[in-house]
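Nothing fancy with the numbering, it's 1 onward along the sequence. Note that the coordinates shown come from a computational prediction; the quantities given were computed from them, not determined experimentally.
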Amino acid sequence: CCPPRRSKFDYQELLHNSSFCLVPRGRRLGSFRFLEALQAACIPVILSNGWELPFSEVIDWRKAAIIGDERLLLQVPSITRSVGRDRILALRQQTQFLWDAYFSSVTKIVLTTLEIIHDRVDSHVSRNRLLWNSLPGGLYALPQYSTDPAQFPFYYAILGKSPSQQFTAVIHTVTPLQSQISPVVKLIIAVAKSKFCAQIVVLWNCDKPLPPRNKWPSTSVPLTVIEGQTKMMSSRFSPHDVILTDAILSLDEDSVLSTNEVDFAFLVWQSFPERIVGYPARSHYWDSLRSRWGYTSKWTNDYSMVLTGAAFYHRYYHYLFTHYVPASLLTMVDHMANCEDILMNFLVSAVTKQPPIKVTQKKQYKETMMSQGSKSSRWADPDHFAQRQTCMNAFSHWLGFMPLVHSQMRLDPVLFRDQVSILRKKYRDIEKL
């Protein structure tokens, strides 16, 4: 009689198709099967009494693994069968989060180790367990900014907290203030009329001397002019102490926005405080001929970036941009006087794993390229677009992956462009623009 034919199985396929993976002790207490299970989003069933799981000082493994008793192996089937579907989903999601946040590369393992040691040394400035065990993870929640989870936009939903009801407008200025009809003056007046505006901060990065106070328009909200120390492009995202609101409205000096547009975008941002919310959208794509990432500004329904020339985001991202992004990339941005908006999008998408949010389509929005013939205008630089292509690839190389996520979602006001009386619409001015 011929021996029975043995079935062949693909081990990786089995891992990814399994809900539970047995992780018995190896030659020592631990086993490499543990990391294999995490990577495959398979819930580890630990059968190694006395094994101290990796980073257990900060990671709550009960949310990602089943801790069994190797002396009671026959109970394992009944234990796994008793786990409900909802908990299986939650456990598998947590395995994916922990793998991606702390174990997916040698660099992340080393950084996690160093940060845990840092928290031990500076125990008064250390992360609590919520920061380590919830998205985006401890490596992105810098305790030097705050040890209170309620200060980070990622934890608002978990804590039942809402962002503050006002915003600070930060206007990046690089050209001289020529008259009261300058675009920046019109922009200040329009933003100051918003009922949600707490203050306006003008970041003066112009080479010309700072204009006297009487040259600026009078507004109903405080207007603060800060002269840039270095006048570098990356300094527009410096975490200035004067910014006290959760929300920042980042603006280029030549942005053209009405008060209605500002109000509507802010209300949208309050529902998505961890994301960038704004108007000018751009996208990325993979150029298979050149084997590199490309950047496009074509008008399509698809986008993956919202430029910070007219966008809301949480003030924490200023701190993270300044203290997390490598100095070499900040130097690159400053040298080119370009790409700081792309870098901010890369950072936020890497943290949230989500796309930004574009609000009401406005084809009239444009980088108006004020004084296009002037050397002071970066939009007049013929290498501007080529530089942005280079930046895309440099930033993805830093992260080791492409964080940008494509989206086709656009949020418009209720009744936007509907064939009804304009009197029934809350944001009447937007459709006229």
Side-chain angles (χ1 to χ4, degrees), residues 100-101 104-111 114 136-137 139-140 142 172 174 203 205 228 230-239 250 252 275-276 278 280-298 300 302-309 311 313 316-356 367 375 377-407:
D100 182 67
S104 57
S105 68
V106 174
T107 299
K108 287 188 177 180
I109 293 173
V110 172
L111 287 176
L114 293 175
L139 298 184
Y140 283 125
L142 304 185
H172 185 236
V174 295
L203 181 59
N205 271 351
T230 62
K231 300 189 185 300
M232 295 296 184
M233 193 57 67
S234 62
S235 67
R236 72 177 300 173
F237 298 133
S238 295
S250 176
D252 286 341
R275 302 205 220 176
I276 298 177
R282 300 290 184 266
S283 189
H284 75 287
Y285 64 94
W286 177 252
D287 187 339
S288 57
L289 295 178
R290 299 183 180 181
S291 297
R292 58 179 294 177
W293 293 106
Y295 170 90
T296 178
S297 58
K298 292 182 179 179
T300 66
D302 191 274
Y303 68 92
S304 58
M305 291 173 278
V306 167
L307 303 187
T308 54
Y313 50 78
Y316 173 61
Y317 291 126
H318 273 203
Y319 188 90
L320 194 64
F321 185 94
T322 303
H323 296 281
Y324 184 84
V325 175
S328 59
L329 292 186
L330 298 181
T331 301
M332 174 184 175
V333 165
D334 292 335
H335 177 72
M336 290 183 174
N338 196 353
C339 300
E340 81 291 347
D341 48 358
I342 296 178
L343 183 53
M344 178 61 88
N345 272 270
F346 266 70
L347 180 62
V348 175
S349 290
V351 170
T352 63
K353 305 294 188 293
Q354 294 179 311
E367 292 97 4
K375 294 182 180 179
S377 175
R378 58 175 173 156
W379 306 107
D381 186 352
D383 294 330
H384 175 77
F385 192 82
Q387 289 174 344
R388 292 171 86 77
Q389 302 272 12
T390 301
C391 291
M392 296 283 294
N393 292 277
F395 301 160
S396 61
H397 181 265
W398 159 52
L399 290 168
F401 65 99
M402 169 52 73
L404 299 179
V405 181
H406 285 283
S407 175

**Q.** H335, NE2 atom: more than 12 neighbouring heavy atoms under 6.0 Å
**A.** no

Q) With a 4.5 Å limit on heavy-atom distance, are the side chains of F346 and V325 in contact? A) no

Q. Passes side-chain contact (heavy atoms from CB on, under 4.5 Å), Y317 versus V348? Steps please.
A. CA-CA 7 Å; Y317 291 126; V348 175; 3.9 Å; yes

Q) Can any side-chain N or O of H406 pair as donor or acceptor with the backbone N or O of P355 at less than 3.5 Å? A) no

Q | Inter-residue atom distance E340.CD - L307.CG, 0.5 Å rounding | A | 9.0 Å

Cut-off 3.5 Å, no hydrogens considered: what does the side-chain donor-acceptor table look like for residues 326-334, sequence neighbours left out?
{"residue": "T331", "atom": "OG1", "partner": "A327", "partner atom": "O", "Å": "2.9"}
{"residue": "D334", "atom": "OD1", "partner": "M233", "partner atom": "N", "Å": "3.2"}
{"residue": "D334", "atom": "OD1", "partner": "S234", "partner atom": "N", "Å": "2.8"}
{"residue": "D334", "atom": "OD1", "partner": "S234", "partner atom": "OG", "Å": "2.9"}
{"residue": "D334", "atom": "OD2", "partner": "S234", "partner atom": "OG", "Å": "3.0"}

Q) Parallel under 30°, tilted from 30 to 60°, perpendicular over 60°: which one fits the rings of Y319 and Y316? A) parallel

(Q) I want to check something: taking the side chain as every heavy atom from C-beta on, are D287 and Q389 in contact at a cut-off of under 4.5 Å? (A) no

(Q) Treating D252 as the side-chain partner and H172 as the backbone partner, does any N or O pair qualify as donor plus acceptor under 3.5 Å? (A) no

Q.
What's the separation between atom NE2 in H323 and atom CG in L142, rounded to the nearest 0.5 Å?
A. 8.0 Å

Q) Is there a donor-acceptor pair under 3.5 Å between the side chain of T352 and the backbone N or O of R275? A) no

(Q) Counting C-beta onward and ignoring hydrogens, is there a side-chain heavy-atom pair between P356 and N345 closer than 4.5 Å? (A) yes

Q: May I ask you to decide if the ring planes of F237 and F321 are parallel, tilted or perpendicular, using 30° and 60° as cut-offs?
A: perpendicular

Q. Is there a donor-acceptor pair under 3.5 Å between the side chain of S396 and the backbone N or O of M392?
A. yes

Q.
Given 3.5 Å as the limit, does a donor-acceptor pair link the side chain of S250 with the main chain of T308, or not?
A. yes

Q: Calculate, to the nearest 0.5 Å, the distance between atoms CE and CG belonging to M305 and L343 respectively.
A: 12.0 Å

Q: Could you tell me if the ring centre of Y295 sits under 6.0 Å from that of F385?
A: yes

Q: Kindly compute the distance separating CG (L404) from NE2 (H284), expressed to the nearest 0.5 Å.
A: 5.0 Å

Q | N338 side chain to H384 backbone, donor-acceptor under 3.5 Å | A | yes

Q: May I ask you to decide whether R236 forms a salt bridge with D341, counting only side-chain N to carboxylate O separations under 4.0 Å?
A: no

Q | W293 and W286 aromatic ring geometry - parallel, tilted or perpendicular at 30°/60° bounds | A | perpendicular

Q) Between H318 and S238, is there a donor-acceptor pair closer than 3.5 Å when you use the side chain of the first and the backbone of the second? A) yes

Q.
Please give me the minimum heavy-atom distance between A101 and L139, naming the atom from each residue.
A. O-CD1, 3.6 Å

Q: Over all heavy atoms of both residues, which pair between F395 and C339 is shortest? Give the atoms and the distance, please.
A: CE1-O, 3.8 Å

Q. Can you name the nearest heavy-atom pair linking D100 to S104, along with the distance?
A. O-OG, 3.2 Å

